[in-house]
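To keep things clear, I will list the structure first and then write my remarks on it.
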Number of protein chains: 2
Amino acid sequence: MARRSQTETAVLGALSMQPMTAYALREAIRDVLGHFWSESFGQIYPTLNALEQQGHVERREGPRSGSSTFVITDSGTARLRELLSEPITATPPRNGLLLRLFFGRTLGVRKCRELLLEARADAERSLAEYDGLARNLSVEEAGTPDLPYVLMTISAGRHGTAGVIAWVDEALALLDGIPDDDTADGGGTTGDGDTVGDTPTNGEP
Amino acid sequence: MARRSQTETAVLGALSMQPMTAYALREAIRDVLGHFWSESFGQIYPTLNALEQQGHVERREGPRSGSSTFVITDSGTARLRELLSEPITATPPRNGLLLRLFFGRTLGVRKCRELLLEARADAERSLAEYDGLARNLSVEEAGTPDLPYVLMTISAGRHGTAGVIAWVDEALALLDGIPDDDTADGGGTTGDGDTVGDTPTNGEP
DNA sequence: ATGGCCATGTAAACTGTTACATGATTCT
DNA sequence: AGAATCATGTAACAGTTTACATGGCCAT
């Protein structure tokens, strides 16, 4: 129940905005909820069938022969409300970037720096994306009752990525305080003449 | 391989800092990496066995009879370096809070506000935690070569939660622009003399 | 001597992704 | 005609959590 219901929530939620085929549902989830949610076909199809059997959605003629459009029913809306009210099941944290940085001494200063720069580039890209998205929606969907809620989730993304950027800069500064002694090492040409050795390591603020 | 190796990374990484029993390993992962990583017993034990068979860790006498302390070998260190250098496998996003807010029209303004206030309270709590942690470590572990890397991950947590707090405030302001018509509704008495709505519900510690 | 923590391990259940098989429709 | 896209569905697999079974050690 626990986690499956989360898929149910996403599916019913999407259908609460408009009827769709399973295929379109997956695209909507990818494109619209993509910043904070994901579902795969393997989840969507069985969930829709279950939902249909429970009477929470109904299958109508689809846009093509053999395809079906799913429509949420009243009981489906009620169920959605129920699901949305359930306590949030937190997903256990798993941040691959931080895992790597935590063991940065083994990874090596250079690679850490690369990871951080990459992360910042990613963040800057999505920041621009969020801004564009928010601007477009505010115009195109002006007046839609869902707008403020959608904007809220975009705002979450914006603040999150802004935080990442601020963090990266701080982290890079921290890295600069570490001598490039590179416990780990690139693929061959090591710095060799790397001077070094006794540098006091720190320079704490 | 793909995802299992992430567990391997965490295990080898932890052992690279100091030898431990499997039990201690799990505690270390929970307590030290907890902000950005998690592993369960069911993963740790089999992984340790596999790692032992590959010669990446060695089993020594543990602190109690029948217990074993695992020590990372040279080949284990090499393997760790390899794993850390692998591209980050991004975990698909799954943010239950944003999922709920996105369908806020169905959830209802009041509940959205509650969720946001709760999120802010959580964030403020961990912010304080991060700050305390950073201060303690800077003193107690001063000079440890791992310190800057550890501080980096704490800094990530700090910026992340700071972002959450900033976002919550913005989101609450957005919510205030929505009439309390509450498509969704508490438990029964709809609309009519709805008075209400705006009491901040809380009194959080 | 009892409860609690250290310690190990496994089996079952669950969640979720990926790959595959299939075919209709639309576009070029 | 052929390619791309829409569309449905399943089976196999990978990863992970949870619950359980077990027992030594230590303090009150």
Side-chain angles (χ1 to χ4, degrees), chain A residues 1-11 14-15 19-31 33-34 36-53 57 59-70 83 88-96 99, chain B residues 1-11 14-15 19-31 33-34 37-53 57 59-70 83 86 88-96 99:
Chain A
M1 220 235 271
R3 283 233 178 67
R4 171 58 144 282
S5 60
Q6 300 258 99
T7 296
E8 240 178 285
T9 310
V11 167
L15 290 179
M20 281 179 259
T21 65
Y23 186 87
L25 201 44
R26 183 264 211 141
E27 290 209 312
I29 290 174
R30 185 190 355 94
D31 299 342
L33 276 52
F36 57 86
W37 204 260
S38 67
E39 295 293 348
S40 60
F41 276 132
Q43 297 276 98
I44 292 175
Y45 280 99
T47 299
L48 277 171
N49 285 333
L51 246 21
E52 190 191 11
Q53 285 194 319
V57 302
R59 197 184 285 258
R60 301 269 168 82
E61 269 303 294
R64 313 247 173 135
S65 87
S67 77
S68 14
T69 293
F70 291 91
L83 288 169
I88 296 172
T89 59
T91 45
R94 236 122 203 263
N95 186 321
L99 186 68
Chain B
M1 218 234 268
R3 283 234 177 67
R4 171 58 144 281
S5 59
Q6 300 258 97
T7 295
E8 240 178 285
T9 311
V11 167
L15 290 179
M20 281 179 258
T21 64
Y23 186 88
L25 200 46
R26 182 267 208 139
E27 290 210 312
I29 290 174
R30 185 190 356 92
D31 299 341
L33 275 54
W37 204 259
S38 67
E39 295 292 349
S40 60
F41 276 132
Q43 297 277 99
I44 291 176
Y45 281 99
T47 299
L48 276 172
N49 285 332
L51 248 19
E52 190 191 11
Q53 285 193 318
V57 303
R59 197 184 286 258
R60 302 269 167 82
E61 270 304 294
R64 312 251 174 130
S65 86
S67 79
S68 12
T69 293
F70 291 90
L83 289 169
E86 266 180 21
I88 296 172
T89 59
T91 43
R94 240 117 205 260
N95 186 321
L99 186 68

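Everything numeric here is computed off the predicted structure, so don't read it as measured data. Below, chain A is the first sequence line, B the second, and so on; all start at residue 1.
- Distance B:Glu8 CD to D:dA14 P: 15 Å, rounded to the nearest Å.
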Reading nucleotides 5-12 of chain D from the 5' end, what letters show protein touch, with B for base, S for backbone sugar-phosphate only, - for no heavy atom under 4.0 Å? -BBBB---

Report all side-chain donor-acceptor pairs from residues 23-30 of chain A shorter than 3.5 Å, counting only partners two or more places apart or in another chain.
none

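- A:Ser40 comes within contact range of at least one nucleobase, with a heavy-atom separation under 4.0 Å.
- For the side chain to side chain donor-acceptor pair (under 3.5 Å) test, residues two or more places apart in sequence or in another chain that qualify with B:Ser68 are B:Arg59.
- Regarding B:Leu48, its CG atom lies at a distance of 13 Å from the C1' atom of C:dA7, rounded to whole Å.
- A:Ser38 is linked by a side chain to side chain contact (heavy atoms under 4.5 Å, CB included) to B:Pro92, B:Pro93, B:Arg94, counting only residues two or more places apart in sequence or in another chain.
- Between A:Gln6 atom CD and C:dG16 atom P the separation is 8 Å, expressed in whole Å.
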The test is side-chain contact (heavy atoms from CB on, under 4.5 Å); show your working for B:Glu39 and B:Val11 and say whether it passes. CA-CA 9 Å; B:Glu39 295 292 349; B:Val11 167; 5.6 Å; no

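- Of the two residues contacting DNA chain C, namely A:Ser65 and A:Glu39, the nearest-nucleotide position lying further toward the 5' end is that of A:Glu39.
- A search for side chain to side chain contact (heavy atoms under 4.5 Å, CB included) contacts involving B:Ser67 returns B:Pro63, B:Arg64, not counting sequence neighbours.
- Residue A:Arg94 places at least one side-chain N or O closer than 4.0 Å to OP1 or OP2 of D:dT16.
- B:Thr69 and B:Glu61 share no donor-acceptor pair across their side chains, judged by distance under 3.5 Å alone.
- Whole-Å rounding puts the B:Gln43 CD to D:dA19 C1' distance at 15 Å.
- Atom CH2 of B:Trp37 is separated from atom P of D:dT17 by 10 Å (rounded to the nearest Å).
- Separating the CD1 atom of A:Ile44 from the P atom of C:dT18 is a distance of 13 Å, rounded to the nearest angstrom.
- Rounded to an integer number of Å, the gap from CG of B:Leu25 to P of C:dC6 is 15 Å.
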